[in-house]
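Below: the structure, in structure tokens.
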2 protein chains.
Amino acid sequence: MNIIDEIGILAISTRLQRLSEQLRKDGAQIYSYFNIDFEPKWFPVIYTLHVKEMLSVVEIANEIGYSHPSTISLLKELEKEKIISSKKDKQDERKRLIILTAKGKELVSKMQPVWSIMTITLNEITNTQNNLLRAIEEAEQNLTRQGFLQRAIDIKSKG
Amino acid sequence: MNIIDEIGILAISTRLQRLSEQLRKDGAQIYSYFNIDFEPKWFPVIYTLHVKEMLSVVEIANEIGYSHPSTISLLKELEKEKIISSKKDKQDERKRLIILTAKGKELVSKMQPVWSIMTITLNEITNTQNNLLRAIEEAEQNLTRQGFLQRAIDIKSKG
DNA sequence: CAAAACTATGTAGTTAACTACATATATACA
DNA sequence: TGTATATATGTAGTTAACTACATAGTTTTG
């Protein structure tokens, strides 16, 4: 056990990041093992388009919680891979509407059984005494109620 | 299991990363609010040196769980800030031994009350029904027992 | 005891996110 | 109605981690 594991809560940001990175890398290995040419970072965009069919760039960015420039760079890759395509919105010429191509939809159906397996596997890993997904949701809710900085200021003035 | 739950766990890597990033940014604001010139990313190195006094580059990298090149680049910044200093190991000329400078030690004592406040605050945020730190530890333990890929392969062959 | 293997450090280049700024179009209001 | 404001997209540059490779020193072994 190293120091970061020992310090506990103060290093929680580092811990979250490390676990995220590990799951992302393992996810990439799983796609590769099942002979699917897909990068984990594409998942949020593709899944969103699978469910919502057609969205603008900013709508996707909001759905996946990324900045719009990050989203644009993902969309560029996916367009190069011919997994998505886009066209101007006739009603609003500023907007670019994104959809899955036939190839993209095919890819989604090929991935669905793998997603099921991943879901089962991730539940095995994270549905422990303290459920990781619930824990994230609860922490995010607390942060929404009152931010980290404001809480720290309050504790200082009280303590 | 419905679609929302499915995307929930499938997107867990993204969720972990986002929460990590938010806490890191908020942490930076807290240091700044308390007039401390310190970046959250330096924390693992500084805390490690505070506890272990003197370590080589690779020893620090192992303690904080980063690659050695990442560690080198953090050490470069900290050396520029005169928070740490380093000297060759006389016993093993390959090694560079790192210690906190007087300025570094002063900084640590200035930060300790802030770390206490952060600890309280982070516990408020994460010690919910499902404790986030425990949840991370439990998930990491499960991954150590058997990796994500191997679990996925097992489920495929069973299912 | 010299060659091979290993270990420690360092450099170069990549990646995947970000912020700040720029531009085009749409909407609101004086 | 035309100017100010807001929104959508895009570009440039930054950041903080990584991997792959290079080099120097140490240890092992045939």
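Protein chains get the first letters and strands the later ones, always in sequence-line order, with residue 1 at the start of each.
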Practice task
Measure from the side chain of A/D92, starting at C-beta and using heavy atoms only, and say which of C/dT9, D/dA16, C/dA26 lies closest.
Solution key: C/dA26
Problem - Nucleotide nearest B/Q17 when distance is taken to its side chain, options D/dA20, C/dA17, C/dA8 - result: C/dA17
Handout entry: Cationic N near anionic O, under 4.0 Å, A/K103 to A/E106
Key = no
Practice task
Kindly say if B/S67 contacts the phosphate of D/dC18, meaning a side-chain N or O under 4.0 Å from OP1 or OP2.
Solution key: yes
Problem - Distance (rounded to the nearest 0.5 Å) between A/H50 NE2 and A/M111 CE - result: 9.0 Å
Exercise for the section: To the nearest Å, give me how far apart CG (A/L75) and P (D/dT9) are. Expected result: 10 Å
Problem - Backbone N/O of B/S13 and side chain of A/S20: donor-acceptor pair under 3.5 Å - result: yes
Exercise for the section: Output yes when A/R96 and A/E79 qualify as a salt bridge under the 4.0 Å nitrogen-oxygen rule, no when they do not. Expected result: yes
Handout entry: Which residue lies more 5' along DNA chain D, comparing A/K76 with B/S70 via nearest heavy atoms
Key = A/K76
Fill in the blank from the handout: To the nearest angstrom, the CD-C1' distance between A/E79 and D/dG10 comes to 13 Å
Practice task
Rounded off to whole Å, could you give me the NZ-to-C1' distance for the B/K88 and C/dG10 pair?
Solution key: 11 Å
Practice task
Look at the side-chain N and O atoms of A/Y66 and state whether any lies under 4.0 Å from the OP1 or OP2 oxygen of C/dA17.
Solution key: yes
Practice task
Find which nucleotide of DNA chain C each of A/Q91 and A/K41 is nearest to by heavy atoms, and output the residue with the more 5' nucleotide.
Solution key: A/K41
Handout entry: Residue A/E93, side-chain atoms from C-beta onward, closest of D/dT26, C/dT25, D/dT9
Key = C/dT25
Practice task
Nearest whole angstrom, please: distance from the P of C/dA8 to the CE of B/M54.
Solution key: 17 Å
Fill in the blank from the handout: A/H68 atom NE2 is separated from C/dA20 atom C1', nearest whole Å, by 10 Å
Handout entry: Ion pair check, B/K52 and B/E59, cut-off under 4.0 Å
Key = no
Practice task
For the pair A/E93 and A/K88, find out whether any cationic side-chain nitrogen is under 4.0 Å from an anionic carboxylate oxygen.
Solution key: no
Practice task
Check every strand shown and say whether B/S73 touches a base, only sugar-phosphate, or nothing at a heavy-atom separation below 4.0 Å.
Solution key: nothing
Practice task
Find which nucleotide of DNA chain C each of A/G65 and A/K90 is nearest to by heavy atoms, and output the residue with the more 5' nucleotide.
Solution key: A/G65
Exercise for the section: Specify the residues of residues 20-29 of chain B, ordered by number, for which at least one heavy atom lies under 4.0 angstrom from an atom of DNA chain D. Expected result: none
Practice task
Can you tell me the distance, in whole Å, between the CD1 atom of A/I64 and the P atom of C/dA16?
Solution key: 14 Å
Problem - Side-chain (B/S70) to main-chain (B/Y66) donor-acceptor, under 3.5 angstrom - result: no
Exercise for the section: Run the salt-bridge test on A/K41 and A/E77 with the 4.0 Å N-O cut-off and return the result as yes or no. Expected result: yes
Handout entry: B/R96 side chain near C/dG10 phosphate (N/O to OP1/OP2, under 4.0 Å)
Key = yes
Exercise for the section: Round to a whole Å and report the spacing from CD1 of A/I72 to C1' of C/dA24. Expected result: 13 Å
Problem - A/K95, nearest nucleotide to its side chain (from D/dT11, D/dA8, C/dT9) - result: D/dA8
Problem - Side chain of A/R94 (C-beta onward), nearest among D/dA17, C/dT9, D/dT7 - result: D/dT7
Fill in the blank from the handout: Here the distance between atom C1' of C/dA17 and atom CG of B/L16, to the nearest Å, is 16 Å
